[in-house]
Every structure is written in structure tokens, then in C-alpha cells.
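First comes the structure, then the notes that go with it.
As the structure is a computational prediction, the values presented were derived from the model and not from experiment. The chains referred to below are lettered A, B, ... by the order of the sequence lines, with proteins before strands, and numbering in each begins at 1.
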2 protein chains.
Amino acid sequence: MGITKSEHFTDEQNELATLAKAIGHPARIAIIQHLINVNSCMCGDIVNELPLAQPTVSQHLKELKNAGLIKGNFEGNAICYCLNEEGFNKIKSFFQHINTYLENKKNQCC
Amino acid sequence: MGITKSEHFTDEQNELATLAKAIGHPARIAIIQHLINVNSCMCGDIVNELPLAQPTVSQHLKELKNAGLIKGNFEGNAICYCLNEEGFNKIKSFFQHINTYLENKKNQCC
DNA sequence: TATTTATATTGCAATATTACGATACTAGCG
DNA sequence: CGCTAGTATCGTAATATTGCAATATAAATA
């Protein structure tokens with residue numbers, strides 16, 4: 001139905017899913033990578049970096065912001081975007097957990 | 001349009017997005033967590049663990065499998081699913097890159 | 001072979017996402 | 001104030017995702 005039954009899952013599961021989903025689009029991956037490359041904060045010229053129209057980029061930025069993966073500060077009439085540690089820290093432990101498990105597993109199955 | 005302009009992005013960006021997208025659903029997070037918990041491989045009783053109907057679970061498993069995050073082996077008439085290191089390793093370096101960046105950044109902006 | 005068990009596939013309805021043109025909003029500048 | 005540059009929001013079309021009932025498939029077992 002296109003509707004996710006979030007109420008049946010734990011808060012942690014829903015939160016991790018929201019974060020992963022926000023990352024799950026090539027344009028948003030590109031935005032994250034670009035924010036890492038231009039070490040100092042970037043503003044709206046992210047639009048120039050992407051093959052997408054300004055409203056579309058704006059929408060992607062909004063989703064990353066809502067998920068807590070980036071933050072944006074007003075600087076005059078422009079906006080300075082950068083990565084938000086908080087969001088990434090939340091996913092970090094999830095993947096660390098998986099990696100630890102996979103390292104110890106040693107093909108017990110499959 | 002619901003259509004992603006994948007052709008405008010790099011293979012790496014598309015691949016990372018596909019992986020993240022596959023993880024970006026609470027049911028699929030739950031499946032991954034369950035596969036970690038029951039250290040030995042699980043079969044179809046994942047269905048019993050989730051508040052979803054069997055066809056829905058089957059569909060989620062398929063998506064995780066297509067993304068390369070799990071694999072499934074036939075064992076008699078049942079199927080043994082487990083995590084697939086390959087898929088997780090691909091995301092690993094992406095997040096490590098981000099973490100290294102964030103650790104060195106020290107609030108230069110925003 | 002018929003039955004059971006385990007899983008996948010099909011088909012469809014409901015909803016979500018993606019993309020963009022048009023437009024609105026906001027801050028700085030002349 | 002009027003204008004411009006930078007962003008956000010609205011509205012809408014196209015497509016994707018989610019979920020499930022019904023059904024198909026496959027292996028084991030009686």
C-alpha cells in the first residue's frame with residue numbers, strides 16, 4: 001500500500017530506517033560527498049554541482065535536514081549547509097554492531 | 001515523477017544509494033537485526049518475528065538479497081538466510097570516510 | 001500420488017517519492 | 001522603495017514502494 005507499518009516496529013528500527021532512507025538516493029549521496037569535499041561549508045551552489053533543478057535540490061536538502069544528517073545556517077541571504085554529526089553517529093553504532101558480528105562469524109552458514 | 005535520474009550520477013553513488021535504500025525500511029532493519037541475533041542462520045520463521053504477512057516478508061527478503069545484503073541457501077524445502085558481508089563492506093568504507101571527516105572537522109562551520 | 005510445509009510470484013489498491021515549473025519569500029543593494 | 005540573488009514552497013504528473021490475498025511452486029513426507 002505504500003504505507004509503512006511503523007507502529008509495529010521499535011523506535012530504534014524506525015529511526016535507523018529513516019536515516020538510511022534519507023541516504024538512499026544518489027542525489028543525496030552526491031550532496032553528502034560534496035559537503036565532505038568542500039571542507040568549508042557550502043551554500044546553494046550545490047545546485048550547480050547536481051544535474052537537478054533548484055526546487056529538486058532544495059527538496060533533497062530538506063529531507064537530509066529532517067533526517068538530521070545535515071544542518072543549514074543562514075549567512076546573509078545565502079544558506080550554509082554542512083554535515084550534522086548527530087545523525088551520522090546514530091547510524092555509526094548500528095554498522096559497527098554489524099561489522100563486529102560479521103568479523104566474528106567466519107562463514108558459519110550459507 | 002518518482003523516477004530517479006540515476007544516469008546522471010556515478011556508479012558508486014547509485015550503488016551506495018541502492019544499499020542505503022534497501023536498509024531504509026523498519027522491517028528490513030528488523031530482519032537484519034534478527035539475523036544477527038540468531039547467530040546461526042534463520043529460515044522462514046522471520047515471518048513469525050515480524051508483524052507482516054508472508055508475501056510482504058518475502059518481498060523484503062528479496063530486496064535485501066538483490067541489494068547484496070543477505071544471501072539465502074536452500075536446505076531441504078526451507079531456505080537459510082544470513083547476512084552477506086559483501087554488501088555491508090561496500091557501505092562500510094563510505095561511513096568510515098564520513099566518520100574520519102567528522103572527527104577532524106571540529107565545528108569549522110554551522 | 002496426495003498432502004503438507006515453506007517460500008515465491010502475481011495482481012492490485014493505497015500511499016510515497018521524485019522531479020520540476022511557477023511562484024513566493026527573504027536579505028542585501030542601489 | 002524597486003531590483004536582484006538565493007531559497008523555499010506549492011501544485012501536479014509520473015513513477016515507485018508497501019502490503020496483502022490469492023495463487024503458484026518446490027521439497028519432504030505419508
Is Asn37(B) atom CG crowded by more than 12 heavy atoms from other residues, nucleotides or ligands, each under 6.0 Å away?
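Counting other residues, nucleotides and ligands, CG of Asn37(B) exceeds 12 neighbours.
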Run the side chain to side chain contact (heavy atoms under 4.5 Å, CB included) test against [X] and tell me which residues pass, sequence neighbours left out.
| X | value |
| --- | --- |
| Lys21(B) | none |
| Thr10(B) | Glu12(B), Gln13(B) |
| Lys92(B) | Asn99(A), Glu103(A), Asn89(B), Gln96(B) |
| His34(B) | Val38(B), Met42(B), Ile46(B), Glu49(B) |

side-chain N/O His60(B) vs dG19(D) OP1/OP2, d < 4.0 Å:
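The answer is yes; a side-chain N or O of His60(B) sits under 4.0 Å from OP1 or OP2.
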What integer distance in Å separates Leu52(A):CG from dA8(D):P?
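From Leu52(A) CG to dA8(D) P: 15 Å.
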With sequence neighbours excluded, what pairs up with Phe9(A) under the ring-ring contact (aromatic ring centres under 6.0 Å, His included) test?
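Per chain and number, Phe9(A) pairs via ring-ring contact (aromatic ring centres under 6.0 Å, His included) with no residue.
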Partners of Phe94(B) by ring-ring contact (aromatic ring centres under 6.0 Å, His included), sequence neighbours excluded?
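Here no residue qualifies.
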May I have the list of side-chain donor-acceptor pairs in residues 53-61 of chain B shorter than 3.5 Å, sequence neighbours left out?
{"residue": "His60(B)", "atom": "ND1", "partner": "Arg28(B)", "partner atom": "NH1", "Å": "2.9"}

Under a 4.0 Å heavy-atom cut-off, which of residues 10-33 of chain A touch DNA chain C?
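Of all residues in residues 10-33 of chain A, the ones placing a heavy atom under 4.0 Å from DNA chain C are Lys21(A), His25(A), Arg28(A).
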Nucleotide by nucleotide, nucleotides 2-9 of chain C touches protein heavy atoms under 4.0 Å in the pattern (B base, S sugar-phosphate only, - none) ---BSBBB
